[in-house]
Structures are given as structure tokens and as C-alpha cells.
Amino acid sequence: MKYIHLDEVDSTNSYLKQHRSELPDGTMVTAGLQTAGRGRRGHDWLADRGMLPLSLLLKNPPHPDAVTLCAAVAVCEALGKLFPQESFGIKWPNDIILRGHKLCGILCESVCFGSSIDIICGIGVNISQTAEFFEKANIPHGGSIEMLTGNKVPDREALAEDISERLYRFTREGFDAVSDEYKAHCLTIGKRIRIIENGNERETFAEGIAPNGFLICSDENGRFEVNSGEVSVRGLLVYI
Ligand code: BTN
């Protein structure tokens with residue numbers, strides 16, 4: 001696996017998008033500081049040096065649709081190995097939650113050319129930002145490992161490599177291979193939630209996860225499935 005570390009970059013995802021044609025499948029990029037990080041649905045991803053940005057280049061992966069959910073399992077496993085006493089949850093589709101706070105966000109982007117597709121999976125792990133950072137940045141539900149547990153991550157590079165290796169392996173196997181583990185970590189299942197689509201909100205019950213990773217919901221009109229690319233999900237009164 002090729003590994004590139006940059007002291008500072010606008011976005012590790014953008015870096016891989018620009019350089020993907022000259023880089024091999026499985027290239028991982030990390031940075032000390034990301035100055036123009038991007039989040040899901042066009043949001044900014046604001047961070048200081050306390051956040052670990054990492055992006056993995058997957059060239060023509062066999063299960064492109066599974067990458068985003070596989071990434072959530074890879075992060076939970078890698079963090080669970082470092083902090084076995086903690087319980088890392090997944091807010092569908094792929095926010096990683098610790099003690100009610102968002103610890104990590106995942107942004108998968110694809111570049112299609114002819115019948116091929118490259119996926120760039122970007123993962124931002126909050127390692128050591130302080131509570132003041134999240135307050136000032138107006139991210140009330142955000143939290144870092146150090147802030148929430150009082151523990152330090154001994155080696156960021158080793159964590160990034162562990163996440164990427166797991167993710168690369170899972171994407172060869174597909175969502176089937178990790179779906180039981182995904183569901184075991186998923187905090188959304190069994191909750192009443194709000195689905196936000198194009199500014200419209202709809203209250204529903206999250207029943208489970210379909211084999212393709214869609215969220216199975218039900219309300220008075222019956223059952224339906226939602227795709228993570230199209231909606232945003234919130235708890236009724238809280239973030240999760
Ligand atoms: C989210 O909105 O929850 C997704 C955030 C993804 C942030 C990561 S940090 C590394 C990579 N580079 C980016 O610009 N974004 C992703």
C-alpha cells in the first residue's frame with residue numbers, strides 16, 4: 001500500500017482526485033492539517049491539527065456501493081482495537097459516535113470514466129481537539145477521542161494504516177461480509193428518526209438495514225427504503 005503524508009493540504013480527498021491517474025490502487029493520503037476539508041452534502045469539514053484526515057484511493061473496486069458502509073466498520077474495528085473498553089457506534093450511514101458525540105465523518109466520492117469508477121474514501125477522525133474547539137466552531141455534537149476519554153492515540157499513522165487496510169479488504173468482500181458487524185454497531189436501528197430530504201422532514205421508524213445498505217423505515221403508510229446519498233437522518237430530539 002502506497003502511503004503519502006502531507007504536512008498541510010486543502011483536502012486529502014481533493015489531493016487524491018487531482019493525482020489519482022498517476023497513483024496506484026490502495027494509495028492512502030494523510031495530512032497534519034487540512035485547510036479546506038469537505039463534508040457530506042456540500043458542507044465544510046472544519047478542523048485543526050487535532051483531526052486526522054485520511055483518504056484512500058480505490059480503483060475500480062468490486063463493490064463500489066459498499067465502500068461507505070464498509071468504511072464505518074473499518075473505523076469501528078480499528079478504534080475498538082485501540083480502546084477496547086469503549087463502545088463505538090454508527091449513526092447510519094457512516095458517522096462514528098462515541099458517548100453521544102460525532103467522532104468521525106466519512107465522505108466517499110467517485111470519479112467515473114467510461115465503464116470504470118474510482119472511489120476516494122475520505123475519513124476524518126477527531127483525535128485530540130478540545131471541547132473549546134467544538135464550541136467555537138459551533139459543532140455542539142462533535143467530540144474527539146482525547147476530549148471524551150482522556151486517552152491519547154499513541155500513533156496516528158498506525159491508526160490510519162489499520163483503518164485503510166481493513167477498508168481495502170472489506171471492499172474486496174462487499175457489504176455482505178461485514179453487514180452483521182455493521183448492524184451490531186448501528187445506533188439508528190430501532191429508533192424513531194427524522195429523515196431530511198431536500199429540506200423536507202419526515203418522521204419515521206428505523207427498522208433495519210437492507211442487503212444493499214439502504215435504511216429500512218416504516219410509518220403509517222408502510223415500509224420504505226432510503227438511500228444514504230439522498231437523505232440526512234437525525235434523532236427526534238437529539239443528534240443520533
Ligand atoms: C461528514 O460530513 O461527516 C464527512 C466528513 C469527511 C471529512 C474527511 S477528512 C478527510 C477527507 N478529506 C475531506 O475533505 N473530507 C474527508
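If you're wondering where the values come from, they're calculated on a predicted model, not measured in any experiment. Whatever order the structure lists ligands and atoms in, that order sets their numbers, starting from 1.
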Within-4.5 Å side-chain heavy-atom neighbours: Lys91 and His185: no
In terms of atom number and element, which parts of ligand 1 are under 4.0 angstrom from non-hydrogen atoms of Gly39? 1 (C), 2 (O), 4 (C), 5 (C)
Please identify which atoms of ligand 1 are closer than 4.0 Å to at least one heavy atom of Gly37. 14 (O)
Got the closest protein heavy atom to atom 5 (C) of ligand 1, with its distance? Trp45 CE3, 3.4 Å
Below 4.0 angstrom from a heavy atom of Ser11, which ligand 1 atoms are there? Numbered from 1 as shown, please. 12 (N), 13 (C), 14 (O)
Are more than 12 heavy atoms, taken from residues, nucleotides or ligands other than Asp176, located less than 6.0 Å from that residue's CG atom? no
Flag side-chain contact, heavy atom, 4.5 Å: Thr149 against Arg99: yes
Here the atoms of ligand 1 under 4.0 Å from any heavy atom belonging to Asn13 are 11 (C), 12 (N)
Using only heavy-atom distances, determine whether the side chains of Asn13 and Ser55 contain a donor-acceptor pair under 3.5 Å. yes
Report, in ascending order of atom number, the atoms of ligand 1 lying under 4.0 Å from any heavy atom of Arg40. 1 (C), 2 (O), 4 (C)
Lys102: numbered ligand 1 atoms lying under 4.0 Å from its heavy atoms: 1 (C), 3 (O)
Within the 4.5 Å heavy-atom criterion, are Leu187 and Ile90 side-chain neighbours or not? no
Should you measure from each heavy atom of Gly124, which atoms of ligand 1 turn up under 4.0 Å away? 8 (C), 9 (S)
How about Lys59 and Ser21: do any of their side-chain heavy atoms sit closer than 4.5 Å? no
If you define the side chain from C-beta out and look only at heavy atoms, does anything of Lys102 sit under 4.5 Å from Ile139? no
So for Gln34 against ligand 1, with non-hydrogen atoms under 4.0 Å, the contacting part is side chain
Protein residue, atom and distance nearest to atom 15 (N) of ligand 1, heavy-atom basis: Arg38 O, 2.7 Å
With heavy-atom distances below 4.0 Å as the criterion, list the atoms of ligand 1 near Thr12. 10 (C), 11 (C), 12 (N)
Determine whether the side chain, the backbone, both or neither of Arg41 has a heavy atom under 4.0 Å from any heavy atom of ligand 1. neither
How are the rings of Phe88 and Phe83 set to each other: parallel, tilted or perpendicular (split at 30° and 60°)? tilted
